[in-house]
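Just so it is clear: chains get the letters A, B, ... in the order the sequence lines come, proteins before strands, and each one is counted from 1.
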There are 2 protein chains.
Amino acid sequence: MNSRFVMAAHVLGMLALHEREDAITVTSEAMAESIQTNPVVVRRLLGDLSRAGLVETKRGAGGGVRLARAPESITLCDIYKAVGEGAELFGRHPAGPNPMCPVAPMVAEYLEEVFRRAEAAVHQSLGGTTVAQMSHEVDKRIRALGGKGCR
Amino acid sequence: MNSRFVMAAHVLGMLALHEREDAITVTSEAMAESIQTNPVVVRRLLGDLSRAGLVETKRGAGGGVRLARAPESITLCDIYKAVGEGAELFGRHPAGPNPMCPVAPMVAEYLEEVFRRAEAAVHQSLGGTTVAQMSHEVDKRIRALGGKGCR
DNA sequence: CGATATGTAACTTCGGCGGTTCCAAATCGT
DNA sequence: ACGATTTGGAACCGCCGAAGTTACATATCG
């Protein structure tokens, strides 16, 4: 799978941390530096997250990004769905099952049900963690090392 | 994710069906035709499945593949582990978190725990289905359409 | 010994994704 | 009004992994 989910979770985690310190919005460039990627890549993610109603962005000087909702109300499953839309957890082989063979389509069809169950299991697992929990835990570990905030 | 899991499940499903009809082994070429891929691709999969102790292969004339264990004792999770060894369900971004930023490594570390839980959820979900169940269900659907076996 | 099948190495091809550049649009301060 | 800043997004490049393909070695049966 893509690393989009990891980056998106990283973004939301940072926003939750900064929200606690102060209400200042964060720029895509600052986040790109933390993730070690290009600001444009971050903005592409932000587009999905914004459409999903998880973050709010503001253009222009002094603009940036902040959480659109309370971090307690955002789960990792929300993020997963926001950035993974259309992407399947399990890949099918491109050609599909042989329609001439009577068993192949049936196997493929049955596997789709299995995949739906597995996907639901992932959703439930990710849904058990909120962005607030994540930021709390991360914050705890940062303090344990005596560090201060990023920037 | 790769389509290796789909193909491997397809292979095991076919073997279970043929085991019921008769004890004849199936050739990699016949399975490749059903999956619509190259026989070599199937054999690569069979290598993993064989090493995992799920199938037995026999070389030479009259050779082929058959299940190494009772289909009731093989779960889809076994297949998943056999062919997905080393592959991660969630992709990390290549560069990794910025070690200069105090929050990035902590976020990455925390996400690893989240991923382990999600991966475990998938294992449990897939572990709830056996190859025998799959072949029964597929067999039922084939009969519902009045078809006969493949080849 | 020849036909058949697996086992595997080596190479090619192709698609997806992250990275990059570039510009439009919006917002703020002066 | 103008320039600085920052998001939005189109367009393209390059890399990497996986499937596909070819070729050949090995094993087994009649």
Upstream residue (5' side of DNA chain D) when A/T57 and A/A61 are each assigned their closest nucleotide: A/A61

Is there a side-chain polar atom (N or O) of B/K58 under 4.0 Å from OP1 or OP2 of D/dC29? yes

In whole Å, what is the span from the CZ atom of B/R92 to the P atom of C/dG18? 14 Å

Separation of C/dA26 C1' from A/R59 CZ (nearest whole Å): 5 Å

Answer yes or no: is there a donor N or O on one side and an acceptor on the other, between the side chain of A/Q36 and the main chain of B/A95, under 3.5 Å? yes

So, is A/S28 near the phosphate of D/dT7, with a side-chain N or O under 4.0 Å from OP1 or OP2? yes

Measure the distance from CD on A/E88 to C1' on C/dG15 and round it to the nearest whole Å. 17 Å

Separation of atom CD in B/E29 from atom C1' in C/dG7, rounded to whole Å: 16 Å

Figure out the CG/P separation between B/N2 and D/dG20, and round it to whole Å. 12 Å

Indicate yes or no: does A/R69 engage A/D78 in a salt bridge with an N to O separation below 4.0 Å. yes

Output all residues satisfying side-chain hydrogen bond (donor to acceptor under 3.5 Å, both in side chains) with B/N98, sequence neighbours left out; order by chain, then residue number. none

Quick one, B/I35 with A/H93, criterion side chain to side chain contact (heavy atoms under 4.5 Å, CB included). Give me CA distance, side-chain angles, the key distance, then yes/no. CA-CA 9 Å; B/I35 306 181; A/H93 61 278; 3.6 Å; yes

Nearest-angstrom distance from the residue atom NE2 of A/H93 to P of D/dA19: 11 Å

Closest non-hydrogen atoms of A/C101 and A/P105, given as atom of the first, atom of the second and distance, are O-CD, 2.9 Å

First encountered from the 5' end of DNA chain C, between A/G60 and A/R4: A/R4

Positions of residues 38-51 of chain B (non-hydrogen atom under 4.0 Å from DNA chain D), listed by number: B/N38, B/V40, B/V41, B/R44

Taking OP1 and OP2 of D/dA18, is either one under 4.0 Å from a side-chain nitrogen or oxygen of B/S3? no

Can you classify the ring geometry of A/F90 versus A/F115 as parallel (below 30°), tilted (30 to 60°) or perpendicular (above 60°)? parallel

A/M134 side chain near B/L111 side chain, heavy-atom distance below 4.5 Å: yes

